[in-house]
Amino acid sequence: MSVSDSITHAALVSQVNGIVSAAGSRPAATGGAFKNGVVTTYGPDGSQKAAVGQLSFDQTQFASDGSITGGQILHSSATPDGQPLTSTTIQLAPGGKPTQAEMQIHNRQGDGIYSILNADLSALQWTDAGKISSGNIGLATKDPVTGLPTTSGSMVFQNEKFTSGSLTHYSPKDGKTVDSLTELDYSETQLVGLKVTGGQMKVTRKNPDQTISSTSQVFFVDNGLGRVNQIQTANMVSGSNQLKSNVTADYSGLTYNARNEIDSGDLNIDVKAPDQTPVSHAVISFAGAVPTTAQCWRFQGGVLANKTVTDYSNAKFDNHNRIVNGSIKVDVYDGAEQHLSSTSMSYDQNGTVTNKQTQTFPVAATKPTPMAYPEVAAQWNNPSAQSSSAAQPQATVAKAASVSTAPAAGAANSAPQTKNVYRSDGTLEETVITTSQNGKPVSSVVTHYDIDGKTIVNTFNIDLTKVVMPTGPGKPSGSVSLQEFTGGTTLHSESTFNYS
């Protein structure tokens with residue numbers, strides 16, 4: 001569960017308690033305080049479990065009507081097989097609106113913390129339904145061992161969407177010296193709520209002196225899953241406006257896991273000179289969410305200069321696929337693909353090379369003619385040549401499970417109560433439909449709409465049948481179950497919140 005998911009659930013906590021405490025047959029009763037919860041999230045296609053989260057409300061402050069007045073929500077998430085992912089503390093203001101968040105990101109392989117992310121949400125403006133309206137989030141990351149800053153920046157929101165962002169990257173040596181800067185432009189990104197559904201984004205990287213080092217266009221697959229299709233990058237000569245190279249990274253041959261991380265397949269990268277002559281082509285193969293091999297062909301004057309093949313099968317990687325621990329083997333071939341050398345390198349846990357051994361091989365006395373670019377290119381299995389949209393899965397549309405409203409024996413069903421929340425421009429932001437039996441709410445459906453007031457961002461089906469109401473003054477007990485559907489149809493999460 002992401003920070004944005006936690007924000008949504010914090011708003012729902014107050015909303016659910018408001019529904020429960022509003023039960024007309026028990027005016028002396030008060031709202032309840034949740035103790036803990038479990039949230040299972042699914043991948044963007046709604047078919048596979050992505051993570052399991054544990055929520056603690058022990059340090060959350062609740063008012064007498066059940067609304068949140070402050071305190072903290074603690075959240076920890078892990079993969080479905082138990083590998084820790086994140087540990088998050090969210091500071092809350094009245095109404096359940098978060099003001100600060102600290103997320104500890106765990107190492108993907110092994111124990112320990114990889115990075116610490118701090119988010120300052122105090123400058124955000126909120127909608128009446130508890131969604132981000134405008135403002136900015138301040139971001140900062142630091143090394144968990146040294147405590148030195150690694151990045152700082154912000155994400156800007158307008159009209160319930162993120163529109164731009166910026167990051168400053170610091171030297172790991174002192175946490176002060178600026179290494180580089182990154183600017184993000186989402187003006188052409190297609191969003192439903194805060195979910196990327198297609199379009200493109202622009203990434204501009206700058207040197208410390210503000211000169212541009214590269215510009216990239218990141219193209220997303222238009223299938224609603226938020227996955228990258230291709231990245232086109234223009235690299236600039238340092239300190240000038242002169243183009244150095246054009247790089248195209250093709251992601252269409254990759255498959256993804258439920259957390260939208262690269263799982264398997266091939267990433268193809270082409271580099272060309274400003275005059276479009278080939279400089280290099282690389283194929284990085286993945287399996288089990290990590291690189292397994294990398295092949296790279298380098299060209300000069302339209303012919304093959306050399307080829308390298310890197311074997312990562314004995315290497316381990318950190319969260320950014322940098323080698324930490326284990327070993328790799330690099331084989332080098334000449335322009336005629338004669339084997340020149342084989343080098344083995346061992347790495348420690350910090351990614352430092354601890355051992356390097358190279359073996360060279362004899363080659364023909366008469367140097368063979370290097371292979372021409374078209375001859376080499378014919379060997380590649382380029383996914384861009386595949387037929388298209390079939391290579392990318394579409395979101396699995398699951399029928400939104402409606403909470404049963406059939407009355408129990410002897411129970412009297414009242415007509416569902418509907419509450420609509422509108423934006424200042426008159427568009428519909430939220431609909432809450434609550435069904436009661438004998439004066440007790442048994443189910444509720446909460447639907448959030450995009451800024452057009454028509455497109456469904458998500459729907460929450462809330463089951464209140466396991467909530468135990470006191471006969472007199474007192475607080476409810478039992479539990480509340482929720483199902484969230486992205487777009488109203490695709491399963492995103494299943495949750496259970498337990499009252500104290």
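- Annotation: the span from H492 atom NE2 to T486 atom OG1 amounts to 5.5 Å, rounded to 0.5 Å.
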What do the steps show when you test F286 against T292 for side chain to side chain contact (heavy atoms under 4.5 Å, CB included), and what is the final call? CA-CA 5 Å; F286 292 80; T292 55; 5.9 Å; no

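- With T182 as the fixed residue, the side chain to side chain donor-acceptor pair (under 3.5 Å) test singles out one of R205, K206, H169: H169.
- A pairwise comparison of heavy atoms in L121 and A101 identifies CD1-N, 3.9 Å as the closest pair.
- Without hydrogens or angle criteria, T496 side chain to G37 main chain gives no donor-acceptor distance under 3.5 Å.
- Interatomic distance, Y170 OH to L148 CG, rounded to the nearest 0.5 Å: 12.0 Å.
- Side-chain contact, T465 with D463: a donor N or O sits under 3.5 Å from an acceptor N or O.
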Verdict with supporting geometry, T431 and T447, side chain to side chain donor-acceptor pair (under 3.5 Å): CA-CA 5 Å; T431 297; T447 302; 6.0 Å; no

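- Note that CD of E261 is 11.0 Å distant from CZ of R227, once rounded to the nearest 0.5 Å.
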Evaluate the criterion side chain to side chain donor-acceptor pair (under 3.5 Å) for residue pair S133 and T127; output intermediate values, then yes/no. CA-CA 5 Å; S133 173; T127 69; over 6 Å; no

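- Judged by distance alone, with hydrogens and angles left aside, the side-chain atoms of D45 form a donor-acceptor pair with the main-chain N or O of S47 at under 3.5 Å.
- The nearest pair of heavy atoms linking D120 to T99 is OD1-O, 3.6 Å.
- Contact of the L124 side chain with the F157 side chain is registered, since non-hydrogen atoms from C-beta on lie closer than 4.5 Å.
- In this structure, N36 CG and L55 CG are separated by 8.5 Å, a value rounded to the nearest 0.5 Å.
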Evaluate side chain to side chain donor-acceptor pair (under 3.5 Å) for T79 paired with R259, printing each intermediate quantity in order. CA-CA 9 Å; T79 63; R259 291 180 297 281; 5.4 Å; no

Report the C-alpha distance between Y42 and T490 in whole Å, list the side-chain angles of each, state the deciding distance to 0.1 Å, and finish with yes or no for side chain to side chain donor-acceptor pair (under 3.5 Å). CA-CA 9 Å; Y42 291 81; T490 305; over 6 Å; no

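- When every heavy atom of K49 is checked against every heavy atom of A258, the shortest pair comes out as O-CB, 3.5 Å.
- Residues V457 and T455 are not in side-chain contact: their nearest non-hydrogen atoms beyond the backbone lie 4.5 Å or more apart.
- Remark: the backbone N or O of A33 is paired with a side-chain donor or acceptor of S500 at under 3.5 angstrom.
- Between H448 and N458, the side chains place a donor N or O and an acceptor N or O closer than 3.5 Å (distance only, hydrogens not considered).
- Side chains of M201 and V196 form no contact here, defined as non-hydrogen atoms less than 4.5 Å apart.
- The side-chain heavy atoms of L92 and I73, taken from C-beta on, include a pair separated by under 4.5 Å.
- Scanning both residues, Q190 and D222, for their nearest heavy atoms gives OE1-OD1, 3.9 Å.
- Distance alone, capped at 3.5 Å, places no donor-acceptor pair between the S479 side chain and the K466 backbone.
- In this structure, F317 and R108 have side chains that are in contact, with non-hydrogen atoms separated by less than 4.5 Å.
- Between L464 and V480 there is a side-chain heavy-atom pair separated by less than 4.5 Å.
- Although no hydrogens or angles enter the test, the distance criterion places no donor-acceptor pair under 3.5 Å between the side chain of N207 and the main chain of D209.
- Using a distance-only test at 3.5 Å, with no hydrogens or angles considered, a donor-acceptor pair links the side chain of T150 to the main chain of T141.
- Of the residues T215, V247, T248, V218, the one that meets the side-chain contact (heavy atoms from CB on, under 4.5 Å) test with Q232 is T248.
- In summary, the side chains of S264 and T255 do present a donor paired with an acceptor at a separation below 3.5 Å, with no hydrogens or angles considered.
- In this structure, Y499 and V467 have side chains that are in contact, with non-hydrogen atoms separated by less than 4.5 Å.
- Heavy atoms of other residues, nucleotides or ligands lying less than 6.0 angstrom from CG of D128 number 12 at most.
- T435 contributes no side-chain N or O that, together with a main-chain N or O of S443, makes up a donor-acceptor pair within less than 3.5 Å.
- Smallest separation of non-hydrogen atoms from V38 and Q54: CG2-OE1, 3.5 Å.
- No more than 12 heavy atoms of other residues, nucleotides or ligands sit less than 6.0 Å from atom CD of Q349.
- The aromatic rings of F497 and F57 lie perpendicular to each other, with more than 60° between the two planes, well past the 30° mark.
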Checking salt bridge (charged side-chain N to carboxylate O under 4.0 Å, His left out) for the pair E160/K131: CA distance, chi angles, key distance, verdict? CA-CA 7 Å; E160 300 179 26; K131 296 184 294 184; 3.7 Å; yes

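- When only modelled atom types and interatomic distance are considered, S327 and S346 share no side-chain donor-acceptor pair under 3.5 Å.
- Between the side chain of N319 and the main chain of H106, a donor-acceptor pair closer than 3.5 Å is present.
- Interatomic distance, OH of Y449 versus CZ of R423, reported as 11.0 Å (0.5 Å rounding).
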Could you go step by step and tell me if S444 and V432 meet the side chain to side chain contact (heavy atoms under 4.5 Å, CB included) rule? CA-CA 7 Å; S444 187; V432 182; 3.5 Å; yes

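- Side-chain contact check for F219 versus V228: every heavy-atom pair is 4.5 Å or farther apart.
- The environment of E102 atom CD is dense: over 12 non-hydrogen atoms of other residues, nucleotides or ligands sit within 6.0 angstrom.
- We find the CG-CD1 distance between N314 and I323 to be 11.0 Å, quoted to the nearest 0.5 Å.
- The minimum heavy-atom distance linking L482 with I462 is given by the pair CD2-CG1, 4.0 Å.
- For the 3.5 Å distance criterion, the side chains of Q104 and S87 fail to qualify, holding no donor opposite an acceptor.
- Formation of a donor-acceptor pair under 3.5 Å by the K161 side chain with backbone atoms of S187 is not found in this model.
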